[in-house]
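Below is one structure, written out as structure tokens; comments come after it.
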There are 2 protein chains.
Amino acid sequence: MPELDRIDRKILDALQRQGRLPLTELAHEVGLSTSPVTERVRRLERAGVITGYHARVDPVAMGRPLLVFVELTLSSKSGELFEKLRAELVHEPRVLECHLVSGRFDYLIKARLSAMSEYRELLAQILQKIPVPAQSNSYVVMEEIKESLMLPVDVPRG
Amino acid sequence: MPELDRIDRKILDALQRQGRLPLTELAHEVGLSTSPVTERVRRLERAGVITGYHARVDPVAMGRPLLVFVELTLSSKSGELFEKLRAELVHEPRVLECHLVSGRFDYLIKARLSAMSEYRELLAQILQKIPVPAQSNSYVVMEEIKESLMLPVDVPRG
DNA sequence: GCTGAAACTGAATAGTT
DNA sequence: AACTATTCAGTTTCAGC
């Protein structure tokens with residue numbers, strides 16, 4: 001993928017905000033006709049810059065009012081062990097995020113759950129899949145101030 | 001909003017995965033014709049179950065390869081102070097998430113940045129807006145195993 | 001690489017069961 | 001509450017610049 005020019009960046013900004021925006025309206029927003037805009041969007045998709053389009057859904061309406069972060073520390077750090085845990089977490093839909101971090105602990109996990117009982121169940125399920133002792137600290141979210149995947153697009157002047 | 005039936009749930013599952021799925025194809029997937037599906041989608045949008053549609057974009061392609069979590073603890077916990085910090089974080093596009101948590105610290109912040117220099121700059125910017133002493137711990141993500149906003153849809157049998 | 005127009009596909013509306 | 005038919009809007013493709 002070559003450089004993203006000013007129009008590519010406008011497209012990425014618009015589609016991050018409004019994923020279902022018709023290409024005709026997108027074209028109007030960026031100041032071109034539909035053909036080149038369609039071609040640019042297809043190019044951004046093919047190049048993996050745009051990785052997908054997704055509806056966002058209200059967690060409370062879906063019966064998942066509880067948001068929890070779990071810090072996980074493993075007593076042993078073999079690559080095989082990490083692979084095993086990764087497979088478990090990737091396939092667990094209640095786990096929305098999982099990151100390997102540097103610092104005080106190993107993994108930071110974010111999960112959306114229906115209730116505390118489900119939290120206990122999920123944690124037990126994860127820990128039991130790990131063949132070495134592991135330590136965990138959990139944090140319950142009391143207020144969600146911001147949650148997004150939208151990346152800022154630095155639009156160059158011009 | 002009344003209960004979500006089996007078809008509503010199928011719609012939510014499909015649109016979370018494929019946000020630009022045409023309504024005709026969505027209708028085919030859920031086994032109805034387009035009119036009732038369109039009506040259901042509009043109803044889910046109006047009720048705030050579907051909160052939006054968004055393209056997802058590759059952070060590395062956007063020049064933000066650095067993912068950092070910051071734990072923030074404030075020495076004083078007035079509502080006014082929280083408001084001030086919240087306003088700052090909500091308007092800062094490099095901050096993707098911010099949650100008020102219970103436990104060892106107050107805020108958990110997630111940011112996507114271009115480099116460590118930007119991290120130092122952002123942290124300084126945030127701390128300087130807070131009129132009381134604050135303590136922070138940061139964690140740099142070494143590997144992103146999973147990141148999503150997709151909520152599991154418990155589809156009842158039938 | 002963009003424009004504009006023609007042909008096609010999907011969306012919206014109204015009327016029917 | 002869902003289906004069908006019609007009309008309108010959006011997408012795609014292609015000739016020309």
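So you know, we letter chains A, B, ... as the sequences are listed, proteins then strands, and number each from 1.
Distance B:Leu32 CG to C:dA11 C1': 16 Å, rounded to the nearest Å. Atoms CG (A:Leu26) and P (C:dC2) sit 13 Å apart, rounded to a whole Å. Protein atom CZ of B:Arg43 is 13 Å distant from nucleotide atom C1' of D:dA2, rounded to whole Å. Spacing between atom CZ of A:Arg6 and atom P of C:dG1 amounts to 16 Å, rounded to whole angstrom units. Rounded to an integer number of Å, the gap from CD of B:Gln18 to P of C:dG10 is 14 Å. Straight-line distance from the CG atom of B:Leu21 to the P atom of D:dT11: 14 Å, rounded to whole Å. For B:Glu39 and D:dC3, the CD to P distance is 12 Å, given to the nearest whole Å.
A distance-only check finds no donor-acceptor pair linking the side chain of B:Glu147 to the backbone of A:Leu96 [under 3.5 Å]. A:Arg20 places no side-chain N or O within donor-acceptor distance of the main-chain N or O of B:His54, the cut-off being under 3.5 Å.
Residue-level contact check: B:Thr24 touches the backbone only, with heavy atoms under 4.0 Å from sugar-phosphate atoms and none from bases. The residue A:Pro36 sits close to a base: some heavy atom pair falls under 4.0 Å.
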Could you write out each protein N or O paired with an N or O of nucleotides 12-14 of chain C at a distance under 3.5 Å?
from	atom 1	to	atom 2	distance (Å)
C:dA12	OP2	B:Arg42	NH1	3.1

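The side-chain heavy atoms of A:Tyr139 and B:His99, taken from C-beta on, include no pair separated by under 4.5 Å.
OP1 or OP2 of C:dC2 has at least one side-chain nitrogen or oxygen of A:Arg40 nearer than 4.0 Å.
Here the shortest heavy-atom pairing between A:Asp8 and A:Glu3 reads OD2-O, 4.0 Å.
When the local axes at the two ends of the helix from C:dG1-D:dC17 to C:dT17-D:dA1 are compared, using 5 base pairs at each end, they differ in direction by 20° after rounding to 10°.
Of the two residues near DNA chain C, A:Arg20 and A:Gly31, the one whose nearest nucleotide lies more 5' is A:Gly31.
A salt bridge links A:Arg64 with A:Glu118: the distance from a Lys NZ or Arg NE/NH1/NH2 to an Asp or Glu carboxylate oxygen falls below 4.0 Å. Look at A:Asp154 and A:Arg6 and you find no salt bridge, because none of the NZ, NE, NH1 or NH2 atoms lies under 4.0 Å from a carboxylate O. At a threshold of 4.0 Å, the pair B:Glu29-B:Lys10 does not count as salt-bridged, since none of the basic side-chain nitrogens sits closer than that to a carboxylate oxygen.
Under the 30°/60° scheme for interplanar angles, the aromatic rings of B:Tyr107 and B:Phe82 are found to stand perpendicular.
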Item to check | Working for salt bridge (charged side-chain N to carboxylate O under 4.0 Å, His left out), residues B:Glu121 and B:Arg94 | outcome: CA-CA 11 Å; B:Glu121 187 225 290; B:Arg94 294 171 296 186; 3.3 Å; yes

